[in-house]
Amino acid sequence: MKNIGSILVALVLMFILAACGSAEDAPAENTDTEAETGETAKEEGETADTAWADVEAAGKLVVGTSGTYSPITYYDENNELTGFDVELIREIGERLGLEVEFSTMDFDGILPALRNGQIDIAANDFAITEERKETFDFVIPHKYSYGSIIIRAEDVDKFESAYDLEGVKVALGSLTSNYAIFADNIGADGVAYDGGVEAILRDIINGNSDGYLNDRLVLHRTLEGFADDRLAVAEQVKYHTTESAIIMLKGNTSLKERLDEVMQELLEDGTVARLSEQFLGEDVSQPVNSSEVVGLDGK
């Protein structure tokens with residue numbers, strides 16, 4: 001009997017220990033699973049693209065632009081912001097059901113503002129380049145063009161091509177623009193101006209500078225507004241074909257997709273062509289023939 005009693009006690013103790021062990025193991029296993037699941041969710045949350053959702057929730061699109069680059073973005077005689085890119089953005093906002101809020105700043109500050117999240121997108125005739133694509137995404141292009149130069153009318157015959165810019169003192173709107181890069185690559189003597197385009201044109205007339213590099217259509221509109229026959233665009237100087245587009249921070253794919261959809265509509269229904277004819281004098285929505293245009297690298 002004593003032996004039977006001892007056996008029963010041993011069996012009871014073994015059952016209790018087994019039950020305790022199971023109870024202790026179960027919570028530890030569940031805790032690990034929950035922690036793992038939570039960490040995965042956190043990682044997914046950190047990489048989630050909420051760019052479009054954020055804009056849609058805010059009900060507005062914040063756009064960086066300079067307001068000093070006529071006829072792309074400028075203030076008219078009534079001090080109202082307008083221009084080709086400005087009105088195109090307003091059309092996009094209307095079709096997306098969004099308020100458009102423009103934040104004007106120096107050209108050189110626009111891309112840093114985009115990186116810092118101060119603006120959602122930027123519109124200032126930004127050319128698509130491989131360097132910019134490392135950090136930013138672009139909407140499908142809405143403007144195709146190339147660069148040229150304003151010179152003194154008496155000097156037109158001195159320039160047969162873009163290669164004749166080597167050693168020439170040329171004015172630039174910014175040292176970070178593609179035109180500044182081209183001037184450097186072709187061997188021109190580039191000088192950046194911060195006093196506005198009128199100061200540049202007067203310096204050319206006065207002989208302090210020999211030319212002004214920029215987009216050919218912008219240059220033509222600039223001369224129309226300045227109205228001085230001592231200046232002319234050297235039509236034979238053709239360099240750096242460009243594809244310009246709205247720009248945003250890389251990875252904001254959901255926002256890019258929505259803007260791509262609307263831009264495609266605007267291209268197909270003729271809105272881009274109409275606005276470019278209004279502000280630039282011709283349809284810029286189609287690629288240009290680049291066979292006679294010198295590249296950005298000067299080759």
May I ask you to decide whether [X] forms a salt bridge with [Y], counting only side-chain N to carboxylate O separations under 4.0 Å?
X: Glu94; Y: Arg90; answer: no
X: Lys158; Y: Asp164; answer: no
X: Arg274; Y: Glu277; answer: no

Report the distance from atom [atom1] of [X] to atom [atom2] of [Y], rounding to the nearest 0.5 Å.
X: Leu165; Y: Asp210; atom1: CG; atom2: CG; value: 10.0 Å
X: Arg258; Y: Arg95; atom1: CZ; atom2: CZ; value: 12.0 Å
X: Arg216; Y: Tyr239; atom1: CZ; atom2: OH; value: 12.0 Å
X: Ile200; Y: Asp194; atom1: CD1; atom2: CG; value: 9.5 Å
X: Glu56; Y: Thr50; atom1: CD; atom2: OG1; value: 12.0 Å

Using only atom types and a distance under 3.5 Å, with no angle test, would you say the side chain of [X] pairs donor to acceptor with the backbone of [Y]?
X: Asn252; Y: Leu255; value: no
X: Lys169; Y: Asn208; value: yes
X: Arg152; Y: Arg230; value: no
X: Ser254; Y: Trp52; value: yes
X: Ser70; Y: Gly83; value: no
X: Ser209; Y: Ile204; value: no
X: Thr242; Y: Ser244; value: no
X: Tyr75; Y: Gly67; value: no
X: Asp49; Y: Thr253; value: yes
X: Asn185; Y: Leu296; value: yes

[X], [atom1]: over 12 other non-hydrogen atoms inside 6.0 angstrom:
X: Asp106; atom1: CG; value: no
X: Asp269; atom1: CG; value: yes
X: Glu292; atom1: CD; value: no
X: Glu160; atom1: CD; value: no
X: Asp157; atom1: CG; value: no

Examine the side chains of [X] and [Y] and answer whether a donor and an acceptor come within less than 3.5 Å of each other.
X: Thr241; Y: Ser290; answer: no
X: Glu87; Y: Thr82; answer: yes
X: Thr73; Y: Asn124; answer: no

Which pair of non-hydrogen atoms, one from [X] and one from [Y], has the smallest distance, and what is that distance?
X: Leu280; Y: Pro71; answer: CD2-CG, 3.5 Å
X: Thr65; Y: Ala123; answer: OG1-O, 2.8 Å
X: Ile128; Y: Pro141; answer: CD1-CG, 3.8 Å

Assign the ring pair Tyr74 / Phe279 to parallel, tilted or perpendicular, where the plane angle (0 to 90°) is split at 30° and 60°.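 Tyr74 vs Phe279 ring planes: perpendicular.
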Co-membership, hydrophobic cluster, residues [X] and [Y], 4.5 Å side-chain:
X: Ile247; Y: Val262; result: no
X: Leu213; Y: Val156; result: yes
X: Ile119; Y: Leu111; result: yes
X: Ile89; Y: Met248; result: yes
X: Phe102; Y: Ile121; result: yes

Which of Ile246, Leu114, Ile110 passes side-chain contact (heavy atoms from CB on, under 4.5 Å) with Phe126? It is Ile110
Step by step, would you call Leu231 with Tyr212 a side-chain contact (heavy atoms from CB on, under 4.5 Å)? CA-CA 10 Å; Leu231 298 172; Tyr212 171 41; over 6 Å; no
One pair to check against side-chain contact (heavy atoms from CB on, under 4.5 Å): Phe226 and Val197. What are the steps and the verdict? CA-CA 9 Å; Phe226 194 68; Val197 69; over 6 Å; no
Could you walk me through whether Thr68 and Phe107 pass side-chain contact (heavy atoms from CB on, under 4.5 Å), step by step? CA-CA 9 Å; Thr68 58; Phe107 176 79; over 6 Å; no
Kindly indicate, with the supporting measurements, whether the criterion side-chain contact (heavy atoms from CB on, under 4.5 Å) is fulfilled by Leu201 and Asp228. CA-CA 9 Å; Leu201 299 183; Asp228 192 315; over 6 Å; no
Considering only heavy atoms from C-beta outward, does the side chain of Met263 approach that of Val272 to under 4.5 Å? yes
Ring centres of Phe84 and Tyr69 under 6.0 Å apart? no
